[in-house]
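Notes follow the structure.
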Amino acid sequence: MIESVLDEFSKTEFDFREFANPSDPLSALFEEWIPYYRLKYCIAKALQPQSILEVGVRFGYSARTFLEASPAAQLLGIDLDCSRFGGQAGALDWARRITANHNARFVVGDSQKMKRFPGGIYDLIHVDGQQDGLGSFHDLRRAVSQGRWVLLDGYFWTRQNFFNANDFLLKYKDIIRYAVTIPGYAGELLIRVSDDYLAAVKSVPSSGAGTSREIVGFYDSNYYLRDCGGFDVFRRSGGKQLGDGRLISLLRLARLGHGHAALDLGCGRGEIVYQLARRGYEVTAVDYSTASIALAKGCFKDENAALCERVEFICADATRLELGRKFDVVIAGDIIEHLAPTELSRLHETVGWHLEQNGIFLVHTYPNAWFYRRHWPRLRAAASELGAFLPAEPRSRYELLMHINEQSPALLQRSLKKVFSHVKVWVGCSDAPGENLMRRCSISELISAPEIYALASHSPLDLERAKQLLSQSRLSAGVHSCIRLEVCQCPAAVGATAIFQVHIQLVNDSTQQISSIAPYPIHVSYHWLAKDLDRMIIYDGLRTVVPDVIEAGETCGMDASIQAPANLGDYRLMITLVQEGCCWFNDMPGGAQNVREISVV
């Protein structure tokens, strides 16, 4: 197809000046625009679209060009008919005049405020690229949900256009059959959209939905295994390890409950469900996605029957539960931003009914709406001053589709207080979730924090205990010798560079807690040494997060990830702990370590 476009371009004498407006303020540029419109003519001639949508019409030169190349086409043009974004006030009158003999109509409207373009699926959607990067990104999102072919004008027009168009291609790569760049006056980006994607989104708004039910089909295994936070650790460990800070924080805060009946709403892949069950909780896991429930059940593959019997999986709408029992802990990890306001109110009422009087409701949501709305533009401006680039749209494609009700701290607090007598909402980040728990943040701090946490209950909250659970202090001298590391399962031979699992038990006989959380996180790691010498082969091993707080007197079983050396041979593997920014335990008197001999084959 591209060769036919270029071949036609080399032969055509098409000249848009035959219908150009002589009063156009940019008429001095007409001569250099000739190849620009010839290329558009040749693209339309090759595609022969029968339905065309043009976003950004101005005087209608592109519209008339497309109709000259494909005379049988129907064309709809959308334009603000003003002098912003490269437009010209009153220009639509000329566009109507030069397309009067064709099947064309034009509407005055702001595409940036449209959740969906008028009409259904078009053969070709032409997007005016002469605007800021965010505007181009916005229109491209709409276009790929309604156009078989999408032609972005001005791909090379500015750095903002170029970088944001490429950011769009990166985020939407899985729904694009292919994309082609055609150099020219301003550069043309031609995108062929997947027919399967067009069929899937035919009835779904591309900028969020009215209710979560409208987009349930997009919560598939591709989302959970390629986009949803922590997917890499899940895929590597089969859901038996935690690597995502938000999940780790919620698991630790579950200790605020006074019993062992837990309800996980929007359980996702099931990592928290698995960890709670291993801690002895009776867990009810709820999600309306069949893919989610299947993945969550997979976390318990090859586990003993006693562990599996502690969990009940329910594929249902979390906002409409009637379980006939109450729970000590209810978790809503990154679900509330996926619910419409009415659904969220219903969820809080549902939780309020199912929560024991002294039970605890744990909430995490990302992003803080204020962060993207107010702080992100500042970051972009600062980056631009340094000659760097931040995308105009920071959200992923799934976030753009699924986040239909992003929360601010104030909005979430108001919603929770309608149901619960005791509420604490604070902002932070996964690396330091408890940093702002006990302090009053400034407006600037509230805006610049990306995540929101909340605790709610019918009874008073123990915030001091919550603070302790969300921070790890530097271990005191002598404590390292009171922590034991026992290896339960370890292979005798592994492949070169292979990543494998070693099952261990951590026994905490000290008076302090162990956790992988700021400001001094403790991780499981290792060193590789030559078998016959004490020579160190690899010093810094992979880090494995301790999945929960191990308090004084507690034992935790877990799998540690190890990567084998690249060279074949016999080695000694020293598994130990490291408190980041402080010390390796094996360097401390009596510090936890365990050595195994392993062959790399």
Asp15 vs Arg38, salt bridge (charged side-chain N to carboxylate O under 4.0 Å, His left out): CA-CA, chis, key distance, verdict:
CA-CA 7 Å; Asp15 192 337; Arg38 278 183 179 170; 5.2 Å; no
Please walk me through it: do Leu76 and Tyr122 pass side-chain contact (heavy atoms from CB on, under 4.5 Å)?
CA-CA 10 Å; Leu76 172 66; Tyr122 293 87; 3.5 Å; yes
Let me see the working for Asn222 and Tyr398 under side-chain hydrogen bond (donor to acceptor under 3.5 Å, both in side chains), right down to the final yes or no.
CA-CA 10 Å; Asn222 186 64; Tyr398 279 108; 2.8 Å; yes
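Between Asp334 and Arg246 a salt bridge is recorded (basic side-chain N to carboxylate O distance below 4.0 Å). A salt bridge links Arg96 and Asp93; the closest N-O separation between the charged side-chain nitrogens and carboxylate oxygens is under 4.0 Å. Using a cutoff of 4.0 Å between basic side-chain nitrogens and carboxylate oxygens, Arg236 and Asp232 are not scored as salt-bridged. Between Asp24 and Arg58, at least one side-chain nitrogen of the basic residue sits less than 4.0 Å from a carboxylate oxygen of the acidic one, meeting the salt-bridge criterion. Residues Glu406 and Arg395 are paired through a salt bridge, judged by an N-O separation under 4.0 Å between the basic side chain and the carboxylate. Classification of Arg397 and Asp174 as a salt-bridged pair holds, one side-chain N sitting under 4.0 Å from a carboxylate O.
Within the structure, the salt bridge (Lys or Arg N to Asp or Glu O under 4.0 Å) test picks out the following pairs touching residues 182-192 (sequence neighbours left out): Lys40-Glu188, Arg192-Asp195.
Using a distance-only test at 3.5 Å, with no hydrogens or angles considered, no donor-acceptor pair links the side chain of Asp287 to the main chain of Cys315. In terms of modelled atom types and a separation under 3.5 Å, the side chain of Trp376 and the main chain of Pro391 share a donor-acceptor contact. Here the side chain of Asp244 pairs a donor or acceptor atom with the backbone of Gly230 at under 3.5 angstrom. Put simply, the side chain of Asn405 never gets that close to the backbone of His338: no donor and acceptor are under 3.5 Å apart. Checked by atom type and distance alone, the side chain of Asp81 never pairs as donor or acceptor with a backbone atom of Val108 at under 3.5 Å. A donor-acceptor contact shorter than 3.5 Å links the side chain of Ser4 to the backbone of Met1. Checking side-chain atoms of Ser10 against main-chain N and O of Asp7 turns up a donor-acceptor pair under 3.5 Å. Distance alone, capped at 3.5 Å, is enough to place a donor-acceptor pair between the Gln146 side chain and the Gly119 backbone.
For Ile443, the side chain to side chain contact (heavy atoms under 4.5 Å, CB included) partners two or more places apart in sequence, or in a different chain, are Leu446, Ile447. Tyr288 meets the ring pair (Phe, Tyr, Trp, His ring centres under 6.0 Å) test with Tyr219; sequence neighbours excluded.
The CZ atom of Arg148 sits 10.0 Å away from atom CD1 of Ile125, with the distance rounded to the nearest 0.5 Å. With rounding to the nearest 0.5 angstrom, the CD1 atom of Ile293 is 8.5 Å from the OG1 atom of Thr290. Distance check, rounded to the nearest 0.5 Å: OG of Ser136 to CZ of Arg141 gives 13.0 Å. Atoms CD and CG, on Glu393 and Leu140 in that order, are 12.0 Å from each other to the nearest 0.5 Å. Put simply, CE on Met114 and CZ on Arg142 are 10.5 Å apart, with the number rounded to the nearest 0.5 Å. How far CD of Glu214 is from CG of Leu401: 10.5 Å, rounded to the nearest 0.5 Å.
For CZ of Arg17, the number of neighbouring non-hydrogen atoms (other residues, nucleotides, ligands) closer than 6.0 Å is greater than 12. The environment of CZ in Arg213 is crowded: more than 12 heavy-atom neighbours from other residues, nucleotides or ligands sit within 6.0 Å. The 12-atom threshold is exceeded at CG of Asp540, counting heavy atoms of other residues, nucleotides or ligands nearer than 6.0 Å.
Classification of the Tyr155-Phe162 ring pair by plane angle, with boundaries at 30° and 60°, yields tilted. Aromatic ring orientation, Trp149 versus Tyr178: perpendicular (interplanar angle above 60°, classes split at 30° and 60°). Ring geometry for Phe389 versus Phe163: interplanar angle of 30 to 60°, hence tilted. Classified by interplanar angle (parallel below 30°, tilted 30° to 60°, perpendicular above 60°), the ring pair Phe14/Phe19 is tilted. Ring-plane geometry between His375 and Phe371 is classed as tilted, the angle between the planes lying from 30 to 60 degrees on a 0 to 90 degree scale.
A donor and an acceptor atom, one from each side chain of Gln160 and Arg380, are located under 3.5 Å apart. Between the side chains of His348 and Ser415, at least one donor N or O lies within less than 3.5 Å of an accepting N or O. Checking Gln563 against Thr497 by side-chain atom types alone, no donor-acceptor pair falls below 3.5 Å. Side chain to side chain, Glu343 and Thr319 fail the donor-acceptor criterion of an N or O pair below 3.5 Å. In summary, the side chains of Gln48 and Asp123 do not present any donor paired with an acceptor at a separation below 3.5 Å, with no hydrogens or angles considered.
Considering only heavy atoms from C-beta on, Leu92 comes within 4.5 Å of Val57 through its side chain.
A distance of 6.0 Å or more separates the ring centres of Phe218 and Tyr223. Checked against the 6.0 Å centroid criterion, the rings of Tyr37 and Tyr185 do not qualify as a close aromatic pair.
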